[in-house]
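Both counts, for ligands and for their atoms, begin at 1 and track the order of listing.
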Amino acid sequence: MTTLAIIGGTGLTQLSDLTLIKREQLDTPYGSPSAEFVTGELNGIPVIFLARHGNPHRLAPHQINYRANIWGLKQLGVKQIISVAAVGGITSDMAPAHIAIPDQIIDYSYGRLHTFFDDEAVQHIDFTYPYSQKLRSRLISAAAKANIKISPLGTYGCTQGPRLETAAEIQRMERDGCDLVGMTGMPEAALAKELDMDYAAISVVANWAAGKTEGEITMEDIERHLHKGMANTAELLKAFVS
Ligand code: HPA
């Protein structure tokens, strides 16, 4: 059985349907992961869960030790990672509470420790297709099975945060081809690829991105939409493992 991990983002610091087996605190050559690794069963299938921002939520996107998180999962024998993360919606289909399974990434983040190939002979991994097609297809089929409407494609733009974007930044990202904007997709996806792990993302739209609606983006709006999107995500994950 291939070991599956789920990395939960804002709005998913715990997986309530997970039957707990054990919790492990790990240290890695890259420092401490965000939280304990929680091993459990989802619909009878073993799953390792990690809260990306810590549990309780304490790490901003630029403070997350992405290398320790991915290294820790590799150490535990994980072969497949599903990342769950809140995003802003840029293009017209990406309304709040909607779910997308992105197929491409543009990275606008900076100053993050973004590779395992720092100390040794450099390796240039292929990143043409940043997400595992196999995992994406399985997620898309699971959504159909669970009757959850999703977007099966999308380009995810990763910003540095923790602030949200300006309206002009979002216009530029849209011209670049981004459908979604988030703050944690990179370097996570690339690090998983460096360690030869399958990685796919569930993007849960929390809000229209900056300038896409009148007025400012409020945390209350984000939380309300995330609540609904994360409930669908939990159903999607259950369908994925069954
Ligand atoms: N921008 C960046 N990251 C986000 C957003 C956003 O509007 N919403 C949720 N995560």
Worksheet item: Atoms of ligand 1 less than 4.0 Å from G182 heavy atoms?
Response: 2 (C), 3 (N)

Worksheet item: Under the 4.5 Å side-chain heavy-atom rule for ILVMFWY, direct or indirect, which residues accompany I106?
Response: I90, Y108, I170, M173, V181

Worksheet, complete the sentence: for atom 5 (C) of ligand 1, nearest protein heavy atom and its distance come out as G88 N, 3.4 Å

Discussion item. Taking side chain to side chain donor-acceptor pair (under 3.5 Å) as the definition, give me every residue that meets it alongside T159, ordered by chain and number, with sequence neighbours left out.
Written reply: E165

Response to the item:
In this structure, atom 4 (C) of ligand 1 is nearest to the protein heavy atom V181 O, 3.7 Å

Worksheet item: Among the clusters formed by ILVMFWY side chains lying less than 4.5 Å apart, do I101 and I81 turn up in the same one?
Response: no

Fill in: Protein residue, atom and distance nearest to atom 10 (N) of ligand 1, heavy-atom basis
A86 O, 3.5 Å

Practice prompt. Check the side chains of T184 and E188 for a donor-acceptor pair under 3.5 angstrom, ignoring hydrogens and angles.
Written response: no

Item to complete: Provide the number and element of each atom of ligand 1 under 4.0 Å from a heavy atom of L164.
Response: 1 (N), 5 (C), 6 (C), 7 (O)

Item to complete: Please report the shortest heavy-atom distance between I148 and L236, naming the atom on each side.
Response: CD1-N, 3.6 Å

Worksheet item: Do the ring planes of F116 and W71 sit parallel (below 30°), tilted (30 to 60°) or perpendicular (above 60°)?
Response: tilted

Discussion item. Please list, in number order, the atoms of ligand 1 under 4.0 Å from a heavy atom of E165.
Written reply: 1 (N), 2 (C), 6 (C), 7 (O)

Worksheet item: How close does the nearest protein non-hydrogen atom get to atom 7 (O) of ligand 1, and which residue and atom is it?
Response: N207 ND2, 3.0 Å

